[in-house]
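Worksheet for the structure shown next.
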Amino acid sequence: MGESAKLVAGGNKELDLPILTGTVGPDVIDIRKLYAQTGMFTFDPGFTSTAACESALTYIDGDEGVLLHRGYPIGQLAEHSSFMEVSYLLLNNELPSKTELSDFSRTISRHTMLHEQLMSFYGGFRRDAHPMAIMCGVVGALSAFYHDSSDIADPQHRKISSHRLIAKMPTIAAAAYKYSVGQPFVYPDNSLSYTGNFLRMTFGVPAEPYEVNPIVERAMDRIFILHADHEQNASTSTVRLAGSSGANPFACIAAGIACLWGPAHGGANEAALNMLKEIGTPDKIPHYIARAKDKNDPFRLMGFGHRVYKNYDPRATVMQKTVREVFDSLKVSDPLFETALRLEELALSDPYFIEKKLFPNVDFYSGIILSAIGFPTTMFTALFALARTVGWVAQWNEMISDPNQKIGRPRQLYTGPTERDYLPLGKR
Ligand code: CMC
């Protein structure tokens, strides 16, 4: 037996809990037998000290600001790779060869169309529906269309479902946008790249040819890479929990989308840009920083802080650089970028943010660039969901393939009434 941790609990009962070691990162104390041996649970709301699974996909060192996918630093992937390449890496453990990449990209492009019957679902939504509401509904509805790959115990079925989800998300998100602006849906063009096709389906119209701008395409692809996976965050844990019951992958990803929507998670990109618009000019920043520090004010600096990063989020570094590159190449500017830079500078020199180790996260700058590309704020979180789908399906696959996989079933510290007798209505 390797190292263990000693615990004295439940009437001086002494317990040796095994310590498990990963390839890198903190060791974990294995408490799986704790309840059987002591009759006690651990208590960790928010999972601040709990590893819920074993995973070989993504590693984060929050103190150092490191993010690795299958060992590769996010900065290198964002600089040199493509979203299709990162998707292959997350799904298959290794970077693809040239042939593997072209085969994979071709397979994905063959699944980009939606069943025509599914397209008619859109008409049931109000025109002003939030794209995330549409995404939850339409992705969940995919479950009703693909009975040919519904055996989650079959790796081949899981693979087909994964490819379908990755391929169809751009079509679903672009259609949500088109529906909201009252334009006809633009069908996929499989001669374009994954990202180029998405841009065309979003911004193209049937009345004229659409030319993909390579600068925008590269920036968008990089944004997708930055959002591809992020370890056991709330939405990924939701996908795993939903999947642990044996639910089909489309339902699991719909659950992930619902969780991502919240402003503390993926919804922060929309909230961050709305906040920058509300702040407006740099002279108003001190007022908002004071509000963020005020315990009696619910306002928080959106795009700031992270459960795991206690240093600069490496994705925010790439995002800030991408904003500059796109603005320079397209010869555009946005006064909100100056406001954001000044806000970051002031917050990072303020003792409140220094002591609490609150730094910009991926969502702080993403809204500025998405807005420059032409997306309305309501689409931001839908784009996050599109990109995160590959991480979700890779994590879901990893979980289903794990021989130790069990249904997720947390316990609780019960604080409600003890047993009591029912009183008939007339006696209450
Ligand atoms: N502005 C002001 N104060 C903050 C902020 C913020 N953005 N974030 C955390 N704090 C304070 C918080 O009030 C608390 O103070 P105290 O210790 O005095 O009670 C302390 O910092 C620790 O915060 P926490 O809420 O206990 O930390 P958490 O790990 O539970 O929450 C978080 C992490 C990301 C939800 C939070 O930092 C937050 O709400 N940030 C704004 C929303 C945001 O940008 N979310 C995107 C996260 S990255 C992308 C993604 O995951 O989707």
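Both ligands and their constituent atoms are indexed starting at 1 by order of listing. Computed from a predicted model, the values in this text were never measured in an experiment.
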Heavy atoms of Asp16 and Ser4 approach each other most closely as OD1-OG, 3.4 Å
Polar proximity ligand 1 side, Ala268 side, N/O cut 3.5 Å exclusive
no
shortest atom 19 (O) of ligand 1-to-protein heavy-atom contact is with Lys295 NZ, 3.5 Å
Contact between ligand 1 and Lys293 is defined here as a heavy atom of the residue under 4.0 Å from a ligand atom; is it met?
no
Heavy-atom nearest neighbour of atom 12 (C) of ligand 1 within options Arg307, Arg300, Lys356
Arg300
Looking only at the side chains, is there a donor atom on one of Thr48 and Arg307 sitting less than 3.5 Å from an acceptor on the other?
no
So is Phe299 in contact with ligand 1, going by heavy-atom distances below 4.0 Å?
no
Applying a strict 4.0 Å limit to heavy atoms, is Leu301 in contact with ligand 1?
yes
Is it the side chain, the backbone, both or neither of His306 that has a heavy atom closer than 4.0 Å to ligand 1?
both
Return yes when at least one protein heavy atom is under 4.0 Å from atom 37 (O) of ligand 1, and no when none is.
yes
protein heavy-atom neighbour closest to atom 34 (C) of ligand 1 works out as Gly305 O, 3.7 Å
A cation-pi test, strictly: NZ or CZ of Arg200 under 6.0 Å from the centre of the six-membered ring of Tyr210 and no more than 45 degrees from its axis. Yes or no?
no
Using heavy atoms and a threshold below 4.0 Å, how should the contact between Phe364 and ligand 1 be classified: side chain, backbone, both, or neither?
neither
The answer for which part of Asp313 has a heavy atom under 4.0 Å from ligand 1 is neither
heavy-atom search around atom 52 (O) of ligand 1 in the protein gives His265 ND1, 2.6 Å
Relative to each other, are the rings of His111 and His163 parallel, tilted or perpendicular (30° and 60° limits)?
tilted
Sidechain-backbone polar pair: Ser150 side chain, Tyr146 backbone, donor-acceptor under 3.5 Å:
no
Polar-atom distance check: Arg315 versus ligand 1, any N or O pair below 3.5 Å?
no
Verify atom 22 (C) of ligand 1: protein non-hydrogen atom under 4.0 angstrom away
no
Do any nitrogen or oxygen atoms of Phe353 come within less than 3.5 Å of a nitrogen or oxygen of ligand 1?
no
Candidates Phe353, Phe359, Tyr365 - the one meeting ring-ring contact (aromatic ring centres under 6.0 Å, His included) with Phe304
Phe353
Donor-acceptor pair, Ser245 side chain versus Ala242 backbone, under 3.5 Å?
yes
Among Phe359, Tyr352, Phe304, whose heavy atom sits nearest atom 11 (C) of ligand 1?
Tyr352
of all protein heavy atoms, closest to atom 42 (C) of ligand 1 is Met302 CE, 3.5 Å
Are any side-chain N or O atoms of Arg127 and backbone N or O atoms of Tyr179, one a donor and one an acceptor, separated by less than 3.5 Å?
yes
Taking only heavy atoms of Phe384 into account, list the atoms of ligand 1 that are under 4.0 Å away from them.
52 (O)
Would a 4.0 Å cut-off, counted as strictly less than, catch a protein heavy atom around atom 26 (O) of ligand 1?
no
Counting only heavy atoms not in Lys277, do more than 12 sit closer than 6.0 Å to its NZ atom?
yes
Any idea which of Leu358, Thr236, Ile289 brings a heavy atom closest to atom 8 (N) of ligand 1?
Leu358
What residue and heavy atom of the protein are closest to atom 45 (N) of ligand 1, and at what distance?
Ala264 O, 3.0 Å
Consider every N or O of Gly266 and every N or O of ligand 1, then say whether any pair is closer than 3.5 Å.
yes
protein heavy-atom neighbour closest to atom 49 (C) of ligand 1 works out as Asp363 OD2, 3.2 Å
For the pair Asn197 and Thr112, evaluate side-chain hydrogen bond (donor to acceptor under 3.5 Å, both in side chains) and give the outcome as yes or no after the intermediate values.
CA-CA 9 Å; Asn197 178 45; Thr112 48; 4.9 Å; no
Keeping Arg70 on the side-chain end and Glu94 on the backbone end, is there a donor-acceptor pair under 3.5 Å?
no
Return yes if some donor-acceptor pair links the side-chain N/O of His157 with the main-chain N/O of Asp151 below 3.5 Å, else return no.
yes
Going by the atom numbers of ligand 1, which of them fall below 4.0 Å from some non-hydrogen atom of Gly303?
43 (C), 44 (O)
Looking only at distance, does Leu260 have an N or O less than 3.5 Å from an N or O of ligand 1?
no
Counting each atom of ligand 1 from 1 as listed, which ones have a heavy atom of Ala292 under 4.0 Å away?
2 (C)
Kindly indicate whether a cation-pi arrangement holds for Lys356 with Tyr352, taking the cut-offs as under 6.0 Å to the six-membered ring centre and within 45° of the axis.
yes
Heavy-atom closest pair (Met302 atom, Met275 atom, distance to 0.1 Å) is N-SD, 3.3 Å
Glu231 vs Thr236, test: side-chain hydrogen bond (donor to acceptor under 3.5 Å, both in side chains). Steps then yes/no.
CA-CA 7 Å; Glu231 208 226 59; Thr236 302; over 6 Å; no
Side chain or backbone, does Asn361 bring an N or O within less than 3.5 Å of an N or O on ligand 1?
yes
Report yes or no: does Asp294 contribute a side-chain atom to a donor-acceptor pair with the main-chain N or O of Ala290 at less than 3.5 Å?
no
